[in-house]
Amino acid sequence: MPAETVVMLLLAAVGAGWVDAVVGGGGLLQLPALMLAFPGQPVAALATNKVASIAGTTSASIAYLRKTKIDKEVALPGAGLAVACSAGGALCAAAISSEVLKPLVMVVLLAVAAIVVLRPDLGRAPRVVLRTRRRTAAAVLVPGVAIAFYDGLIGPGTGTFLVLTFTTLLGSDFVTASANSKIINASTNLGALLVFAAQGEVLWAIGLAMAVCNAVGAQLGAHMAISRGAGFVRVVLLVVVAALVVKMGYEQFG
């Protein structure tokens, strides 16, 4: 592999780790870089992306755990479900074309952007919500089953969807929602990675090198999110959502 390609992938991994740690969506940088480096090998690119991503999300989780209180009632059972459901999504990745899902994902991302823009106070500070059994179950099942399966299948925007889920269902501020999201996201990456590794799709050498860089970026992003607060995370969230919509729109219609 040419040296300039290796440098591109490592830089993309640092940037992806930073974005993922703040609000999710690091795949916006990392996955296209892998697709460019390994044309004609989309599953291998997706598999190798998981090697780097799991290092970053685990690193960010540790950083958040040291500074932020995690909602263990939903994060831990959700993480357990996420391993299995993400693995299920990965098993379907070769059978279901992501092109079929991209228009739907774009609509959901636009809805996310609309919610954040039209509700400027969302996620800026914790909201008191009635923690009914149904609400708690939804906060476990939506991330641990639906979003986890999506991450194993296609992936873009997973962290963003997780953050919005915890913000809307539990009344979390964006920083706390990001902290809980990293626990789930690490598990979704693990589930998908186990499947891809068993299938022999992972490009381990470059994946492990990117993992180190992703973890470095994740540490920087997590500490910046914690120190700068929910307002900063909200801005990054909107930027990432806009970038995802533009990228997927170009791929679909460009």
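Values below: all heavy atoms of this structure, side chains included; hydrogens, waters and symmetry mates excluded.
Ala12 pairs by the side chain to side chain contact (heavy atoms under 4.5 Å, CB included) definition with Ala33, not counting sequence neighbours. For Thr136, the side chain to side chain contact (heavy atoms under 4.5 Å, CB included) test picks out Glu73, Val74, Arg131, with sequence neighbours left out. Contacts of Asn180 classified as side chain to side chain donor-acceptor pair (under 3.5 Å), with partners at least two apart in sequence or in another chain: none. Take Val14 and apply the side chain to side chain contact (heavy atoms under 4.5 Å, CB included) test, not counting sequence neighbours, and it matches Cys213. Contacts of Thr68 classified as side chain to side chain contact (heavy atoms under 4.5 Å, CB included), with partners at least two apart in sequence or in another chain: Tyr64, Val175, Thr176, Ala179, Ile226.
Salt bridge present: Asp151 and Lys50 bring a charged side-chain N and a carboxylate O closer than 4.0 Å.
With contacts defined as side-chain heavy-atom distances shorter than 4.5 Å, the pair Phe38/Thr48 does not qualify. With contacts defined as side-chain heavy-atom distances shorter than 4.5 Å, the pair Leu220/Met224 does not qualify. Residues Lys182 and Leu162 fail the side-chain proximity criterion, which asks for heavy atoms closer than 4.5 Å. Between Asp71 and Ser172 the shortest side-chain heavy-atom distance does not fall below 4.5 Å. Between Phe166 and Ile184, some side-chain heavy-atom pair lies under the 4.5 Å cut-off. Looking at heavy atoms from C-beta onward, Phe232 lies out of side-chain contact with Ser227 at the 4.5 angstrom threshold. Under the 4.5 Å side-chain criterion, counting only non-hydrogen atoms from C-beta, Thr160 is not in contact with Leu164.
At distances below 3.5 Å, at least one donor-acceptor pair connects side-chain atoms of Arg135 with backbone N or O atoms of Leu130. Judged by distance alone, with hydrogens and angles left aside, the side-chain atoms of Ser181 form a donor-acceptor pair with the main-chain N or O of Ala177 at under 3.5 Å.
Connection of Leu238 to Val163 is established within a shared hydrophobic cluster, with ILVMFWY side chains joined at heavy-atom distances below 4.5 Å, either directly or through further cluster members. No continuous path of hydrophobic side-chain contacts links Leu237 to Val239 [ILVMFWY only; heavy atoms under 4.5 Å]. Residues Val51 and Leu203 do not share a hydrophobic cluster, clusters being chains of Ile/Leu/Val/Met/Phe/Trp/Tyr side chains in contact below 4.5 Å. Note on Val140 and Val129: separate hydrophobic clusters, where clusters join Ile, Leu, Val, Met, Phe, Trp and Tyr whose side-chain heavy atoms are under 4.5 Å apart, directly or indirectly. Tracing side-chain contacts under 4.5 Å through hydrophobic residues (I, L, V, M, F, W, Y), one never reaches Leu31 starting from Val212; they form parts of separate clusters.
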Determine all donor-acceptor pairs shorter than 3.5 Å in which one atom belongs to a side chain in residues 18-29; sequence neighbours excluded.
unit_1	atom_1	unit_2	atom_2	d
Asp20	OD1	Gly25	N	3.1
Asp20	OD1	Gly26	N	2.9

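Across Thr188, Asn189, Asn185, a single residue satisfies side chain to side chain donor-acceptor pair (under 3.5 Å) together with Thr57, and that is Asn189.
Closest non-hydrogen pair, Ala63 versus Ala222, comes out as CB-CB, 3.7 Å. For the residue pair Ala215 and Ala55, the shortest heavy atom distance occurs at CB-O, 4.0 Å. Shortest non-hydrogen contact noted between Arg127 and Thr167 is NH2-O, 2.9 Å. The two residues Gln30 and Ser53 have their closest heavy-atom pair at NE2-OG, 3.2 Å. Across all non-hydrogen atoms, the minimal contact from Thr165 to Ile147 is OG1-CD1, 3.5 Å. Scanning all heavy atoms of the two residues, the minimum distance from Trp204 to Ala197 falls at CZ2-CB, 3.9 Å.
Note that CG of Leu91 is 9.5 Å distant from OG of Ser86, once rounded to the nearest 0.5 Å. Atom CD of Gln219 sits about 11.0 Å away from atom CG of Asn214, to the nearest 0.5 Å. Interatomic distance, Glu201 CD to Gln41 CD, rounded to the nearest 0.5 Å: 8.5 Å. Within the model, atoms CZ of Arg234 and CZ of Arg119 stand 11.0 Å from one another, a figure rounded to the nearest 0.5 Å. In this structure, the separation between OG1 on Thr5 and CG on Leu10 is 10.5 Å, given to the nearest 0.5 Å.
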